[in-house]
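Inspection log for the structure reproduced underneath, given as structure tokens.
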Amino acid sequence: MSPEDRFDALIEADERIEPTDPMPDEYRRTLIRQIAQHAHSEIIGMQPEGNWITRAPSLRRKAVLLAKVQDEAGHGLYLYGAAETLGVDRAELLDLLHAGRQRYSSIFNYPTLTWADVGAIGWLVDGAAIMNQIPLCRCSYGPYARAMVRICKEESFHQRQGFELMLELSQGTESQREMAQDALNRWWWPSVMMFGPPDVDSPHTERSMAWGIKRFTNDELRQRFVDQTVPQADLLGLEIPDPELRWNEERGSYDFGEPDWGEFKRVISGGGLCNRQRLATRVDAHEDGAWVREAAAAHAAKVAARAAEAAA
Ligand code: BYC
């Protein structure tokens with residue numbers, strides 16, 4: 001069987017492609033792009049919430065938030081590890097991120113203005129992330145699919161802590177309820193846009209679906225997210241800021257308004273409120289951490305040399 005036929009047969013049988021299997025260059029490139037963008041989103045995603053660790057209103061909230069932000073760093077590590085199985089180096093990927101040549105999720109270019117934003121991010125952003133990521137556990141590329149299983153377990157805890165925070169605020173004082181509503185107003189549309197452009201404007205969806213990288217289209221996942229989230233907002237007693245939102249009996253789904261795709265394009269092209277700040281903070285952290293990476297590499301080399309000596 002030719003390498004091309006073997007790849008096609010594995011995809012046809014819905015089996016996993018492993019790093020040593022033959023794969024078309026374009027499949028490899030698509031995965032590197034998506035996994036790198038995903039990994040970058042995890043580590044840049046530490047910033048908006050990290051801003052609130054020192055201002056969390058109680059020890060319990062601080063401990064929970066600290067753990068969540070650390071989880072995001074861990075997700076970044078699993079994902080850079082998965083990308084490396086495709087023959088790229090994580091240092092190379094970080095250089096591309098820092099040079100603005102690879103993307104991270106649009107959502108992290110919005111500011112976190114109040115404590116309620118921490119709840120809204122957990123509830124909506126992690127909620128959208130899980131909706132998108134559960135199907136990735138069945139992605140055709142084995143190392144990515146396996147990384148996603150663990151990530152999804154942690155994301156579901158993140159989503160629940162966000163919802164619980166929103167519940168507490170929405171049942172609190174009038175100004176706490178207003179703060180929760182204001183956070184929902186600001187995070188709703190950016191969360192709806194996280195799923196990517198509409199299918200008709202998505203250059204990669206068709207190919208990625210045929211290869212089993214994506215299992216659902218951007219619009220299908222967006223619809224599921226809206227359908228899942230509206231009843232949750234009702235339970236919170238908060239109003240989703242979309243005058244066109246209404247239940248469609250025939251479709252068994254909610255109809256909803258059109259996001260501002262002009263804003264989406266602006267944000268992913270570097271023109272969002274926080275793009276410059278996020279990248280600058282990331283580059284500074286990377287430069288400040290150089291001595292840690294050097295020390296860890298020197299330590300690992302010493303340990304390996306000692307082990308080799310002991311084995312000789
Ligand atoms: N932001 O043809 P399309 C998280 C780009 S955070 C920026 O639909 P595709 C979390 C896209 O790259 C969530 N760019 O592309 C962390 C493409 O650009 P190029 C991270 C976007 O890849 C911490 C162009 O638009 N999750 O988990 O088939 C705390 C056309 O799009 C975005 C992932 O990364 C966007 N939102 O589908 C809390 C999941 N959307 O390269 C939470 C894995 C699209 O053509 N990724 N673009 O210039 C995916 O599932 C897919 O890559 C996407 C896009 C659905 C995002």
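Side chains are part of it too, since the values below use all heavy atoms of this structure and drop only hydrogens, waters and symmetry mates. Both ligands and their constituent atoms are indexed starting at 1 by order of listing. Just so it is clear, the model here is predicted, and its values are computed rather than measured.
Scanning the protein for heavy atoms near atom 25 (O) of ligand 1, the closest one is I268 CD1, 3.9 Å. Counting only heavy atoms of the protein, atom 27 (O) of ligand 1 lies nearest to Q133 NE2, 2.9 Å. Closest protein heavy atom to atom 49 (C) of ligand 1: Q34 NE2, 3.5 Å. Scanning all protein heavy atoms for the shortest distance to atom 30 (C) of ligand 1 gives P203 CD, 3.6 Å. Protein heavy atom in closest approach to atom 41 (O) of ligand 1: R33 CD, 3.2 Å. With respect to atom 9 (P) of ligand 1, the closest heavy atom belonging to the protein is K214 NZ, 3.4 Å. The protein atom (non-hydrogen) at minimum distance from atom 18 (O) of ligand 1 is R103 NE, 3.1 Å. For atom 38 (C) of ligand 1, the nearest non-hydrogen atom of the protein is D126 OD1, 3.4 Å.
A donor-acceptor pair is defined here as one N or O able to donate and one able to accept, closer than 3.5 Å; no such pair exists between the side chain of R103 and the backbone of Q37. Without hydrogens or angle criteria, R55 side chain to W115 main chain gives no donor-acceptor distance under 3.5 Å. Looking only at distances, a side-chain donor or acceptor of R28 sits under 3.5 Å from a matching main-chain atom of L86. Side chain of D199 to main chain of N218: a donor-acceptor pair is present (N/O by atom type, distance under 3.5 Å, no hydrogens or angles). Side-chain N or O atoms of Q223 include one that pairs as donor or acceptor with a backbone N or O of Y254 at under 3.5 Å. With hydrogens and angles ignored, the 3.5 Å screen pairs no side-chain donor or acceptor of N248 with any backbone N or O of D255. Side chain of R224 to backbone of M131: no donor-acceptor contact under 3.5 angstrom is found. Judged purely by atom type and a 3.5 angstrom limit, Q161 uses its side chain to pair as donor or acceptor with the backbone of H158.
Contacts of N218 with ligand 1, taken as heavy-atom pairs under 4.0 Å, involve the side chain alone.
In this structure, atom 23 (C) of ligand 1 has protein heavy atoms in its sub-4.0 angstrom surroundings.
When P197, G196, G162 are checked for heavy-atom proximity to atom 31 (O) of ligand 1, P197 turns out nearest. In the candidate list F195, F264, F216, F108, F108 is nearest to atom 6 (S) of ligand 1, counting heavy atoms. The residue from N132, I121, D219 that puts a heavy atom closest to atom 50 (O) of ligand 1 is N132. When S106, P198, S202 are ranked by how near their heavy atoms come to atom 35 (C) of ligand 1, first place goes to S106. Within the set K265, H204, Q159, the minimum heavy-atom distance to atom 19 (P) of ligand 1 is found for H204. Of the listed residues (H38, E72, R222, Q37), the one carrying the non-hydrogen atom nearest atom 26 (N) of ligand 1 is H38. When the heavy atoms of A36, S208, A129, A39 are ranked by distance to atom 4 (C) of ligand 1, first place goes to A129.
For ligand 1, the atoms sitting less than 4.0 Å from at least one non-hydrogen atom of M194 are 13 (C), 36 (N), numbered in the order shown with element in parentheses. In the vicinity of Y104, heavy-atom distances shorter than 4.0 Å reach the ligand 1 atoms 1 (N), 7 (C).
Using 4.0 Å as the threshold, H75 has no heavy atom nearer than that to any atom of ligand 1. Between E155 and ligand 1 there is a heavy-atom distance shorter than 4.0 Å. Taking a 4.0 Å cut-off on heavy atoms, Y144 registers as neighbouring ligand 1.
Remark: the R186 side chain and the Y110 side chain contain no N/O donor-acceptor pair separated by less than 3.5 Å. Judged purely by distance below 3.5 Å, without hydrogens or angles, the side chains of Q47 and N51 never pair a donor atom with an acceptor atom.
Stacking of R278 on the aromatic ring of F108 is not recorded, the 6.0 Å distance cut-off and the 45° axial limit not both being met.
Residue G45 has no N or O atom closer than 3.5 Å to an N or O atom of ligand 1. In terms of N/O distances under 3.5 Å, ligand 1 is not approached by V125.
Side-chain heavy atoms closer than 4.5 Å link hydrophobic residues (I, L, V, M, F, W, Y) into clusters, and following such links, possibly through other members, connects I151 to F195.
Among residues two or more places apart in sequence or in another chain, the salt bridge (Lys or Arg N to Asp or Glu O under 4.0 Å) test is passed with R90 by E84.
Considering H40, H38, H75 in turn, H40 is the only one that fulfils the ring pair (Phe, Tyr, Trp, His ring centres under 6.0 Å) rule with Y80.
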